[in-house]
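One structure below.
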2 protein chains.
Amino acid sequence: MLTMERKALILDRLQKEQRIVAKDLSQQLGLSEDTIRRDLRELAGEGLLQRVHGGALPASKALADLPSRRKISAEDKTAIAKAAAAMARNGQVIFLDGGTSTVAVARAISMQLHATVVTHSPDIAVALLEHPNIEIELIGGRIYKHSNVAVGAAASEGISHIRADIFFMGVTGVHPDYGLTTGDREEAAIKRAISRQSAETIVLASKEKLGAVSAYDIVGVDEIDGLIVEKSCSNDLLKPYQTRGISITRAHA
Amino acid sequence: MLTMERKALILDRLQKEQRIVAKDLSQQLGLSEDTIRRDLRELAGEGLLQRVHGGALPASKALADLPSRRKISAEDKTAIAKAAAAMARNGQVIFLDGGTSTVAVARAISMQLHATVVTHSPDIAVALLEHPNIEIELIGGRIYKHSNVAVGAAASEGISHIRADIFFMGVTGVHPDYGLTTGDREEAAIKRAISRQSAETIVLASKEKLGAVSAYDIVGVDEIDGLIVEKSCSNDLLKPYQTRGISITRAHA
DNA sequence: GAATGTTGTGCAATATCGTGCAGTAACTTG
DNA sequence: CAAGTTACTGCACGATATTGCACAACATTC
């Protein structure tokens, strides 16, 4: 196993799991703890992670990482969320994906809207409790803790019994050639299943997602119907999608 | 468990619960009280919290003067929750009902416990996210907003595919003759279904529930296996259940 | 003021860390 | 092809950090 590979893998895991234990890593990779520690030391030297006794934590600020990331693009995110929420019509069945972007959509949904929201995210279900006219349908399954959504066979089964009018999907990568991608295999499978059960699929794409590619593909760009981006998005980035008949919505704050 | 993680978790809980007790924390995290106290001391040194005899309070505000009434009823509830959480064993499949009592159980579950928790409550699922060794299985269905649990045909279907070792049930009425009752028809049906799929059914009964009767019956007293009550419960109230072979657990704060 | 529970400190056991050293493999150089 | 160079990895050992226990001091309650 190459050094570079190891380091990449360490950083990858660190991002997903928020913590790394030197001993565990050495066992799982079949290497001595010394090697792992050396890697950690070097990565810490490059400022890519923060060492603590027993392992390592993400670079920026331990667990403060998530809140800060939320704040940074909070304005754009709520703008996108509002634009998505505005697409919903009375009487529709709306499928809401899991993730911070879609929780924002849930919050942005009008108290006046009479509709059914289907979701496999407990967070979304909780966020929608206070909406008096929204019927909530929760998809069950094994909870995938990294992103807090239901996955697995039970979730797929639940999805297969529902047909939605519109699906608001969060992704980590949107690319003209490679399509929609995300960083986890199970999540990709679930998103694909939902998209197939929905008449329309709308993708929420904050700036950094456009042109990005993640490990697991969900569906091709031809299978989605709309893209919601922030206002400051360049036309060049969006052309490949427009020419394929995908409706673009620019979210104005 | 890493030191930094512990501290982050302590601060996190402090923000949520406004008050933490060193003893409880040590039990849930599976560490000695000394370690917790050391952490509290260090965090207090950094001005991140304020120590008091028995535990700690958030740093800045004068939240110490919260209504004492709220604390008292909360104490009994957490006592019951702790007693319930202590019943769980490694490797078990545990069904957790929805409701404030059972969310407290979720929070009281030890970080050391390796088990699967099945629930039809999004709140429980979210509460258990931080437990590293708990596998969460969420039951889907239409969300009944009054109590925030999944109900209906989809929920029944999901429950029918799972067998649990132990079921912690919340109710609104426990009566020797009328059995276990609750105020909603759909919830009663779900609780009954879960009870049938579980080897043991344990009922969480705060003081005001004993002897009370609500509109819809769940199961008779003969179909439950255990009752957890607070310490100040009179023996007379409990006799009818003991004579029927139901194990009584008195929760001591 | 006695009983109980909580706290601080010294101490020992354990786990983790950093460094020096040696062996191996891939690559370079003459 | 042989020798040297470099990078990588694992082992050993002393240094440091963390944790749990014991006991005395202190606070709280009745």
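Keep in mind it's a predicted model, so treat the numbers as computed, not measured.
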| task | For side chain to side chain donor-acceptor pair (under 3.5 Å), just list the numbers for A/Thr35 and A/Ser32, CA-CA rounded to whole Å, side-chain angles, deciding distance to a tenth of an Å, and then say yes or no. | result | CA-CA 6 Å; A/Thr35 305; A/Ser32 78; 3.2 Å; yes

| task | Whole angstrom is fine here: how far is it from CG in A/Leu25 over to C1' in D/dG10? | result | 17 Å

| task | Kindly say whether B/Lys7 contributes a backbone atom to a donor-acceptor pair with the side chain of B/Asp39 at under 3.5 angstrom? | result | no

| task | Whole angstrom is fine here: how far is it from CG in B/Leu31 over to P in D/dC21? | result | 11 Å

| query | According to the interplanar angle, ranging from 0 to 90°, do the rings of A/Tyr144 and A/His146 count as parallel (below 30°), tilted (30 to 60°) or perpendicular (above 60°)? | reply | perpendicular

| Taking atom P of D/dT9 as reference, at what distance in whole Å does atom CD of A/Glu5 sit? | 11 Å

| request: Answer yes or no: is there a donor N or O on one side and an acceptor on the other, between the side chain of A/Arg51 and the main chain of A/Leu43, under 3.5 Å? | output: no

| query | Per the side chain to side chain contact (heavy atoms under 4.5 Å, CB included) rule, which among B/Thr119, B/Asp123, B/Val149, B/Leu204 passes with B/Thr102? | reply | B/Leu204

| Between A/Arg107 and A/Thr78, is there a donor-acceptor pair closer than 3.5 Å when you use the side chain of the first and the backbone of the second? | no

| task | Classify the nucleic acid contact of B/Val21 as base, sugar-phosphate or nothing, counting any heavy atom under 4.0 Å across all strands shown. | result | nothing

| remark: In 5'-to-3' order, the base (B), backbone-only (S) or no-contact (-) status of each nucleotide in nucleotides 23-30 of chain D, using a 4.0 angstrom heavy-atom cut-off, is ----SS--

| query | Under 6.0 Å from the CZ atom of B/Arg244, do we count more than 12 heavy atoms belonging to anything else shown? | reply | yes

| field | Rounded distance (nearest 0.5 Å) linking atom CG of B/Asp225 with atom OG1 of B/Thr201 | value | 5.5 Å

| request: Kindly state which residues belonging to residues 33-44 of chain B come within less than 4.0 angstrom of DNA chain D, counting heavy atoms of the residue only, listed by number. | output: B/Asp34, B/Thr35, B/Arg38

| query | Whole-Å distance between D/dT18 P and A/Lys23 NZ? | reply | 17 Å

| Given C/dT7, D/dT9, C/dG18, the nucleotide with the shortest approach to the side chain of A/Arg51 | C/dG18

